[in-house]
Protein chains: 2
Amino acid sequence: MTEYPQTTKERILEVAGDIFGKEGFKATTIRRIAGAAQVNIAAINYHFRDKEGLYSAVLEHVFHIGFTRFPSKMGIEDDTLPEQQLLFFIRGMFYRLLSNEGWAGLSGRGRLIARELLAPTPAFEAVLDKYIKPHKDLLVSIIIAIMGENPGPRILLPCAISIIGQCIYYALAAPVIKKIAEENAPVEGNLDRLAEFVWLFSLGGIEKIRQKTSCVTR
Amino acid sequence: MTEYPQTTKERILEVAGDIFGKEGFKATTIRRIAGAAQVNIAAINYHFRDKEGLYSAVLEHVFHIGFTRFPSKMGIEDDTLPEQQLLFFIRGMFYRLLSNEGWAGLSGRGRLIARELLAPTPAFEAVLDKYIKPHKDLLVSIIIAIMGENPGPRILLPCAISIIGQCIYYALAAPVIKKIAEENAPVEGNLDRLAEFVWLFSLGGIEKIRQKTSCVTR
DNA sequence: AAAAGAGTAAAACAAATGTTTGAATACTGC
DNA sequence: GCAGTATTCAAACATTTGTTTTACTCTTTT
């Protein structure tokens, strides 16, 4: 991505993120990383100890970049309406997951995240606590605000999962979506429209769930 | 899974599905498969030509099993109400993706599918046409029936993606969901409840989308 | 300017992995 | 029962790949 002079270490991190994401941990060879980063093979082991050490560093780096450029609360103020908060939250996810300044549509480094969801490595535990749990908690609090009551985890968490699931699926299945529904592929120009769609869809979902559960409990 | 005598070829297929799913293509060694299936290494190349040939066969086999045991239209008759059809469709996905008779929660062979969504291999093209596209078309027709009108692909496909996305995310992120929302992990005993939740949520979503788009177009 | 240390380079090592070979064994049709 | 085919097996081959070693270069410190 960045062509301007960087330190060897930085260049390795950037390049490794893309390649690990595209190929997966096992399929990635340090020779390939070294080649792409125009760095000697031994430099990788020198800076990161071994392949696994490099991977951990990459994972942390990727999450740091994503949540620094697109924080969970992006655009959300204390006086923002709950519904608006949800829109910002979803739009944030789309941009973090799919924009080029973010995780580039999981086509590059971002696919790392999907791979970790699928099969968490030990290195994932750290980012789970640091980035993902707070992110989830924020969403849950937004849902509570929209519902106007706290229906408990058996309602809240599935709601959160449904919302996050839609966003991540766009990112995860981007290659397939491009093939069977090209018009709606999650490319840069579509992000706002798709985010707004998911937002509306989710508002409707939350509303429906609220009706049903209120109906049952009372 | 099956312990009773099978042909070598069948045993290889079964075992390879699990291992490819858990480890990914590159990380899977044919020696490991041979060991687990109690088969000579060369037998694999004999029956399937090479590692890639085995993988293609496994992928087709996995999809065949899944859509044979849990067909897209499972439970859907011609006179089923559209809303009911959606419930059956979603429930079918949950069982296909997550039950032990299906793809076993992507913990075993089913994870193959998620891997293919993430990074399609050439072998995926075939199953895409044979299984996935018809499956998508069915869902789209159900959505049209629920909406009572055809709002065009820019509305329909995002709807379909939102619905499928929720289902697949449960399967994909099962390891992580277990960690942060254990009560709602997609295990056998939760499938009906979660399917019904996703159904309600999606009905609400479709309704909301329909309102908005009618509002704008007219 | 000399010494020390950090960073880089090329080559070599050892383990693993996909594939092939050629012989041995089981099965099938006549 | 036998020829012919299909299947299984153990061993070997050629690559690939993570890691280490050793020497070299450059910067910083004294």
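The sequence lines fix the lettering, A, B, ..., with proteins before strands; numbering per chain opens at 1.
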TODO: By nearest nucleotide on DNA chain C, pick out whichever of A:H47 and B:A27 is the more 5' one.
DONE: A:H47

Task: Residue pairs fulfilling ring-ring contact (aromatic ring centres under 6.0 Å, His included) with at least one residue in residues 152-172 of chain A, sequence neighbours excluded - done: A:F94-A:Y170

Open item on the list: The criterion is side-chain hydrogen bond (donor to acceptor under 3.5 Å, both in side chains); which residues satisfy it with A:N184, sequence neighbours excluded?
Closed with: A:R193

Task: Pairing residues for A:E125 by the salt bridge (Lys or Arg N to Asp or Glu O under 4.0 Å) criterion, not counting sequence neighbours - done: B:K179

Task: Protein-nucleotide distance (A:N40, atom CG; D:dA23, atom P), rounded to Å - done: 16 Å

TODO: For A:R69, check side-chain hydrogen bond (donor to acceptor under 3.5 Å, both in side chains) against everything at least two apart and list the hits.
DONE: none

Task: For A:E116, salt bridge (Lys or Arg N to Asp or Glu O under 4.0 Å) partners two or more places apart - done: none

- [ ] Can you sort out the partners of A:D192 under salt bridge (Lys or Arg N to Asp or Glu O under 4.0 Å), two or more places apart, ordered by chain and number?
- [x] A:R91

Task: Interface limits on DNA chain C, where chain A has a heavy atom under 4.0 Å of a nucleotide atom - done: C:dA6 to C:dA12

Task: Non-neighbouring partners of A:S56 that pass side chain to side chain contact (heavy atoms under 4.5 Å, CB included), sequence neighbours left out - done: A:A123

Task: Length of the line joining A:I19:CD1 and D:dT17:C1', which is rounded to integer Å - done: 15 Å

Open item on the list: Please tell me if B:K26 has a side-chain N or O lying less than 4.0 Å from either OP1 or OP2 of D:dT16.
Closed with: no

TODO: Check side-chain hydrogen bond (donor to acceptor under 3.5 Å, both in side chains) between A:K9 and all other residues, then give those that pass, not counting sequence neighbours.
DONE: none

Open item on the list: Without decimals, in angstroms, what is the distance between B:I12 CD1 and D:dT8 C1'?
Closed with: 11 Å

Open item on the list: Can you give me the bend angle of the helix from C:dA1-D:dT30 to C:dC30-D:dG1? Use the axis through the first five pairs and the one through the last five, nearest 10 degrees.
Closed with: 20°

Task: Shortest non-hydrogen contact from B:N190 toward B:A185 - done: ND2-O, 2.8 Å

Sub-3.5 Å pairs of nitrogen or oxygen atoms, protein against nucleotides 19-21 of chain D:
unit_1 : atom_1 : unit_2 : atom_2 : d
D:dT19 : OP2    : A:K51  : N      : 2.9

- [ ] Write down the distance between OH (B:Y46) and P (D:dT7), rounded to a whole number of angstrom.
- [x] 4 Å

Task: Six-ring centre of A:F25, A:K51 cation under 6.0 angstrom, axis tolerance 45° - done: yes

Task: A:K133: salt bridge (Lys or Arg N to Asp or Glu O under 4.0 Å) partners, not counting sequence neighbours - done: A:D129

